[in-house]
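Please read the structure below before turning to the comments.
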Amino acid sequence: MDEVELRTFLRERYPRLVAAVALVTGDLTFAEDAVQEAIVRAWERSERGDEIAALDRWVATVALNLTRSRLRRLRVDRLASPKLAASPRLEGPSGDRVDVARALAALPRRQREVAVLRYYLDLSTAEIATEMHTSEGTVKSQLSKARAHLADALALTDDNQENSHAEHR
């Protein structure tokens, strides 16, 4: 990875990756830190001569792994010290995006992660299974549950979906 490739990546991919990680974690500040750390690790690998075929996928994987590690540490810290404050919530724009972010935040972690990886980062079921170290069947099951919860939370009905599709035609 050279400087031009890195600048292009930061301009074109960085905001979307940060937003995706923030949707999974509910913490925009940590999402930025995790994505930045992943980019630094990618740069270090490229300096050693390692080739990263799909930089955005690699950075997303590393950033999500960093968030999982952080969540595990926070869980242990909370059990050890009930005085720790809850992690901050995602703050962002108003309207539909806030509704979606809130609906995602209400999902169990695995369902939230599967939904973000599928619908926000456009990963396939197989790619999600690899990323999460689980089977494709588990991914499909978690995705189905996530869709059902999101549809309820966002009050989506077949009529709403048909009207939305009709408006876009």
Drop me the distance from [X]'s [atom1] to [Y]'s [atom2], to the nearest 0.5 angstrom.
X      : Y      : atom1 : atom2 : value
Thr138 : Leu143 : OG1   : CG    : 12.0 Å
Gln142 : Leu107 : CD    : CG    : 10.0 Å
Asp122 : Arg118 : CG    : CZ    : 7.0 Å
Arg13  : Ile39  : CZ    : CD1   : 12.0 Å
Leu150 : Gln111 : CG    : CD    : 8.5 Å
Phe9   : Leu17  : CZ    : CG    : 5.0 Å

Under 3.5 Å: donor-acceptor pair, side chain of [X], backbone of [Y]:
X      : Y      : answer
Arg112 : Val24  : yes
Thr134 : Thr130 : no
Ser144 : Ser141 : no
Arg11  : Leu6   : no

Where [X] and [Y] come nearest, the two heavy atoms and their spacing:
X      : Y     : result
Val62  : Ala38 : CG1-CB, 3.6 Å
Tyr120 : Leu23 : CD1-CD1, 3.9 Å
Pro15  : Glu12 : CD-C, 4.4 Å
Val18  : Ala31 : O-CB, 3.5 Å

Do Val40 and Ile52 sit in one hydrophobic cluster, given that two such residues count as connected whenever their side-chain heavy atoms are within less than 4.5 Å of each other, even indirectly? no
Flag the pair Arg41 and Glu37 as a salt bridge only when some basic side-chain nitrogen lies within less than 4.0 angstrom of an acidic carboxylate oxygen. yes
With a 6.0 Å cut-off (strictly less than), is the heavy-atom count around [atom1] of [X], excluding the residue itself, greater than 12?
X     : atom1 : value
Glu47 : CD    : yes
Arg16 : CZ    : yes
Arg7  : CZ    : no

Arg45 vs Glu51, side chain to side chain contact (heavy atoms under 4.5 Å, CB included): CA-CA, chis, key distance, verdict: CA-CA 8 Å; Arg45 287 182 69 118; Glu51 187 175 325; over 6 Å; no
[X] vs [Y] side-chain heavy atoms within contact, under 4.5 Å:
X      : Y      : result
Glu32  : Tyr14  : yes
Arg57  : Glu131 : no
Leu117 : Met132 : yes

